[in-house]
Trainee: 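One structure coming up, written as structure tokens, with questions to follow.
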Amino acid sequence: MSRQSSATLISAGQLVQATDAIIVDCRFVLGQPDAGREAYLRGHIPGAHYLDLEEDLSGPVARHGGRHPLPDVRQLTARLASLGIHPGARVVAYDDARFAFAARFWWLLRALGYRPPELLDGGYAGWLAAGGAVEQAVPQPVPCAVPSAEAYRGVVDITALASLQAAGSLLLDSRDPARYAGLEEPLDPVAGHIPGALNLPWQAVSDAQGCLLDDARLSAHFAGLPEGRPRVVYCGSGVTACVNLFALARTGDESALLYAGSWSDWCSHLMADE
């Protein structure tokens with residue numbers, strides 16, 4: 001891992017010792033919006049607060065912008081402050097989906113200029129497997145002042161994406177190969193991928209236990225990508241692309257950009273043009 005990497009992992013054993021960290025539970029199930037919160041209430045890592053993908057980590061859905069638009073900066077910083085999370089706070093985040101939602105949270109904080117959260121390697125299942133304690137009580141947060149924040153960094157919209165592609169940027173599609181190939185499309189009205197994009201499935205950077213590949217295997221995983229070209233990453237709605245962005249940062253690439261609207265935004269423009 002690069003010394004300058006913003007992508008930090010923490011093990012279950014290390015988390016037990018991290019008494020200064022604010023813990024955030026990011027569990028969520030796409031298509032079942034209440035499932036993550038219900039799982040949290042049934043049991044979570046002691047002291048953990050819950051942040052919901054659609055209520056807290058996304059903004060309102062509009063005609064364009066994708067299925068999970070970025071949340072309003074002021075609303076997100078206020079929500080974070082209600083939990084005591086300020087730009088310098090130490091935060092640990094976890095989910096139960098191979099970083100799918102915890103990485104979204106990681107990207108949002110990094111894009112705001114906050115100290116990036118450490119992600120729990122192996123997620124909630126790894127915590128349980130290590131014998132970690134579980135509680136049902138919802139902790140009382142210690143709020144802090146709401147800091148000023150201007151805009152997200154490292155993000156592009158469809159207009160900027162066109163300019164970047166014209167300038168030679170490398171576009172990486174994080175979805176499953178079948179969706180990339182247009183063989184199936186369970187969520188969006190159009191199947192296929194953005195012209196020129198390469199497929200780099202987000203689940204390939206972790207193992208079946210939800211642990212990130214070690215640094216050597218991550219470097220090997222990305223070694224086949226063309227060098228010297230800026231990278232833009234997308235997925236279906238700007239969520240699981242953040243797993244690839246976390247993994248890229250882990251290998252030292254902090255400059256890769258997120259097309260936040262992703263395929264769902266691209267489809268909305270295709271449909272509007274018909």
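Residue numbers start at 1 and run along the sequence shown. In what follows, every heavy atom counts, from backbone to side chain, and hydrogens, waters and symmetry copies are set aside.
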Trainee: So, the side chain of S262 versus the backbone of C235: is there a donor-acceptor pair under 3.5 Å, distance only?
Mentor: yes
Trainee: If we only count heavy atoms from C-beta on, is the H49 to I22 side-chain gap below 4.5 Å?
Mentor: yes
Trainee: Is it true that the side chains of D265 and Y259 contain a donor and an acceptor less than 3.5 Å apart?
Mentor: yes
Trainee: Could you pull out the closest heavy-atom pair between S264 and R67, with the gap in Å?
Mentor: OG-N, 3.0 Å
Trainee: At what distance, to the nearest 0.5 angstrom, does CZ of R110 lie from CG of L245?
Mentor: 6.5 Å
Trainee: Does some side-chain heavy atom of D121 sit less than 4.5 Å from a side-chain heavy atom of C211?
Mentor: yes
Trainee: Within the 4.5 Å heavy-atom criterion, are R231 and L248 side-chain neighbours or not?
Mentor: yes
Trainee: Is atom CZ of R74 surrounded by more than 12 heavy atoms (other residues, nucleotides or ligands) closer than 6.0 Å?
Mentor: no
Trainee: Determine, for D34 against R37, whether the closest basic-nitrogen to carboxylate-oxygen distance falls under 4.0 angstrom.
Mentor: no
Trainee: Please answer whether the main-chain N or O of I194 pairs with a side-chain N or O of Y234 as donor and acceptor at a distance below 3.5 Å.
Mentor: yes
Trainee: Can you see whether W202 has R175 sitting over its ring - NZ or CZ less than 6.0 Å from the centre and within 45° of the normal?
Mentor: no
Trainee: Between V73 and Y152, is there a side-chain heavy-atom distance shorter than 4.5 Å?
Mentor: yes
Trainee: To the nearest 0.5 Å, tell me how far E118 CD sits from I23 CD1.
Mentor: 10.5 Å
Trainee: Check this for me, if you would: do D173 and R179 make a salt bridge, where the nitrogen-to-carboxylate-oxygen distance has to be below 4.0 angstrom?
Mentor: no
Trainee: Will you find, in the side chains of H68 and S237, an N or O donor that is under 3.5 Å from an N or O acceptor?
Mentor: yes
Trainee: State, to 0.1 Å, how close P143 and P141 come at their nearest heavy-atom pair, and which atoms those are.
Mentor: CD-O, 3.4 Å
Trainee: Can you see which heavy atom on H221 is nearest to which on A204, and at what distance?
Mentor: CE1-CB, 3.6 Å
Trainee: Hey, are the side chains of L108 and L76 touching, using non-hydrogen atoms and a 4.5 Å cut-off?
Mentor: yes
Trainee: Quiz question: by atom type and distance under 3.5 Å, do the side chains of N244 and S174 form a donor-acceptor pair?
Mentor: yes
Trainee: Within a strict 4.5 Å, meaning less than it, do heavy atoms of the E254 and S6 side chains meet?
Mentor: yes
Trainee: Does a donor on one side chain and an acceptor on the other come within less than 3.5 Å for R250 and S5?
Mentor: no
Trainee: If we check ring-ring contact (aromatic ring centres under 6.0 Å, His included) with F101, which of these qualifies: F28, F246, W106?
Mentor: F28
Trainee: Tell me whether R90 is salt-bridged to D20, with the criterion being a basic N under 4.0 Å from an acidic carboxylate O.
Mentor: yes
Trainee: I'd like to know if the side chain of Q136 and the backbone of R42 have a donor-acceptor N/O pair within less than 3.5 Å.
Mentor: yes
Trainee: Might you point out which heavy atoms bring C267 and V190 nearest each other, and give the distance in Å?
Mentor: SG-CB, 3.6 Å
Trainee: Around atom CD of E150, are there more than 12 heavy atoms from other residues, nucleotides or ligands closer than 6.0 Å?
Mentor: no
Trainee: Taking C-beta and beyond as the side chain, do L171 and L164 meet within less than 4.5 Å on heavy atoms?
Mentor: no
Trainee: Minimum heavy-atom separation for P60 and P69, please, with both atom names.
Mentor: O-CG, 3.4 Å
Trainee: Determine whether the side chains of D25 and Y94 contain a donor N or O and an acceptor N or O closer than 3.5 Å.
Mentor: yes
Trainee: Flag the pair L198 / L170 as yes when at least one side-chain heavy-atom distance between them is below 4.5 Å, and no otherwise.
Mentor: yes
